[in-house]
There are 2 protein chains.
Amino acid sequence: MVLNSKEKLDQIFSLELKHLMAVSYVVLCNNMVTDRYIEKNFGMPVQAWSSLFAIETFPGIKAKEIRKLFPRPQNTISRAISLLEARGLVRQEASREDGREKMIFITSAGEDVLAEIRQVSFDRQSEIFAPLNKQELETYFRLTTKIAKGRALTTSDIMI
Amino acid sequence: MVLNSKEKLDQIFSLELKHLMAVSYVVLCNNMVTDRYIEKNFGMPVQAWSSLFAIETFPGIKAKEIRKLFPRPQNTISRAISLLEARGLVRQEASREDGREKMIFITSAGEDVLAEIRQVSFDRQSEIFAPLNKQELETYFRLTTKIAKGRALTTSDIMI
DNA sequence: GATAGATTGATCCATTTGGATTTAATTTGC
DNA sequence: GCAAATTAAATCCAAATGGATCAATCTATC
């Protein structure tokens, strides 16, 4: 019995690890498409435009705080911010309270680039979630948020 | 007004891109924990043990088929299989129908390693989805599967 | 208020990554 | 039936990655 790709996926999604596999599959597929597209069209890696989102939403945010929103290694975020600064998309300002920290702000050039990325990301989001109706989408978001807030997501008790 | 991390996350999850951000956040957080743990304890990258899952589930699977289940660049899967083969966890056999393809099979050493990884992955899955009750978990899986089957997930109409 | 320990962000460097190319095999078109 | 196009997988190599280290600063304890 030879299975085609769709049937193989169904079978993978019937294993005991199906919950983890399904959600990872969705995000992995999307990242392959989105990250490659933005890299090609805007010349920046995912951690750079993710950081730009965070910096716009929270003016004066620090690098270590960005890591909490978009979990990546510390030096990855550090370099992403260097790239954004080198392109004039953000500016940094020494924190008054703590000389080690830098407050990061988006520039108007950064706003312009982000507006473009936001638009295409929003269209992409619509594409991805198209299979769900409005009610299902809200349920999905509510449940995802519940998972995201789980204590062990970032600090596992078993994988130490 | 200064926000702590939890509050920042809430605000990020109130933006128009919240659906995409929430699910990406969950998978990214998990990958940071899981991939690092398995790298440290089993000495192999995520694409290697993912492939091992696929190879066990579908004896004789080809490299290009694994890519459909765990979307990664072609050479990434190719190298993962080389690694698994070098460790004696899988063996390859030339396909009879098509000499370019190789059929991949798990070895008994591979079964042993996979059994360990499966156990810890299963425990990790329980940890991640602990915030959902049984009913919610099934709903979540059903909706995730719907998204996973969407045509545009892998072949975007807008990100070309 | 001096010193040890902790924390922030930058940098170092060996390893990994992934787009592009190559090799080998198959399929297509004429 | 043969050249051209296509496909699967391996390999090449410049660039990215991430664990480890470093420098600067802050905190705690005595």
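Numbered from 1 within each chain, the chains take letters A, B, ... in sequence-line order.
With the nearest nucleotide of DNA chain D identified for both A:R96 and B:Q92, B:Q92 has the one nearer the 5' end. The nearest heavy atom of DNA chain D to A:R100 and to B:R100 marks one nucleotide each, and the one closer to the 5' end goes with B:R100.
Here the P atom of nucleotide C:dA10 and the CD atom of A:E101 are 12 Å apart, to the nearest Å. Between the P atom of D:dA8 and the CZ atom of B:R67 lies a distance of 9 Å, rounded to the nearest Å. Between the P atom of C:dT28 and the CG atom of B:D98 lies a distance of 12 Å, rounded to the nearest Å. Protein atom NZ of A:K68 is 11 Å distant from nucleotide atom P of C:dT7, rounded to whole Å. Across the protein-nucleic acid pair, A:L28 atom CG and C:dT17 atom P stand 13 Å apart, rounded to whole Å. Between A:E97 atom CD and C:dG9 atom P there is a gap of 12 Å when expressed in whole angstrom units.
From one end of the helix from C:dG1-D:dC30 to C:dC30-D:dG1 to the other, with five pairs defining each end axis, the axis direction shifts by 30° (rounded to 10°).
Between the B:S78 side chain and the B:N75 main chain, no donor and acceptor come within less than 3.5 Å of each other.
The side-chain hydrogen bond (donor to acceptor under 3.5 Å, both in side chains) contacts involving residues 53-62 of chain A comprise A:E56-A:R118, where partners must be two or more places apart or lie in separate chains. Listed by first then second residue, pairs satisfying side-chain hydrogen bond (donor to acceptor under 3.5 Å, both in side chains) with a partner in residues 100-112 of chain B read B:D98-B:R100, not counting sequence neighbours.
A heavy atom closer than 4.0 Å to some atom of DNA chain C occurs in no member of residues 29-37 of chain B. Near DNA chain C, meaning a heavy atom under 4.0 Å away, the residues from residues 71-90 of chain B are B:R72, B:P73, B:N75, B:T76, B:R79. DNA chain D lies under 4.0 Å from at least one heavy atom of each of the following residues of residues 54-66 of chain B: B:K62, B:A63, B:K64.
Of the residues listed (A:R124, A:E127, A:Q125), the one engaging A:N30 in a side-chain hydrogen bond (donor to acceptor under 3.5 Å, both in side chains) is A:R124, and it is the only one.
Grouping Ile, Leu, Val, Met, Phe, Trp and Tyr by side-chain contacts under 4.5 Å, direct or through others, leaves A:I160 on its own. Think of A:M103 as one node in a network of Ile, Leu, Val, Met, Phe, Trp and Tyr side chains linked at under 4.5 Å; its network also takes in A:F105.
Summarising the geometry, atom CE belonging to A:M44 is positioned 8.0 Å from atom CZ belonging to A:F42; distances are rounded to the nearest 0.5 Å.
Listed by chain and residue number, A:Y140 satisfy the ring pair (Phe, Tyr, Trp, His ring centres under 6.0 Å) test with B:Y140 (two or more places apart in sequence, or in another chain). Residues passing the ring pair (Phe, Tyr, Trp, His ring centres under 6.0 Å) test with A:F58: none are found, sequence neighbours excluded. Not a single ring pair (Phe, Tyr, Trp, His ring centres under 6.0 Å) links B:F53 to another residue, sequence neighbours left out. The ring pair (Phe, Tyr, Trp, His ring centres under 6.0 Å) check on B:F13 picks up B:Y25, with sequence neighbours excluded.
The shortest distance between the side-chain N/O atoms of A:K40 and the OP1/OP2 oxygens of C:dG19 is not below 4.0 Å.
The residue B:E39 sits apart from the nucleic acid: no heavy atom pair falls under 4.0 Å.
Between A:P45 and A:L83, the closest side-chain pair of non-hydrogen atoms falls below 4.5 Å. Residues A:L153 and B:M32 have side chains not in contact (no heavy-atom distance under 4.5 Å, counting atoms from C-beta outward).
By the neighbour-count criterion of 12 heavy atoms within 6.0 Å, atom NZ of A:K68 is sparsely surrounded, having that number or fewer from other residues, nucleotides or ligands.
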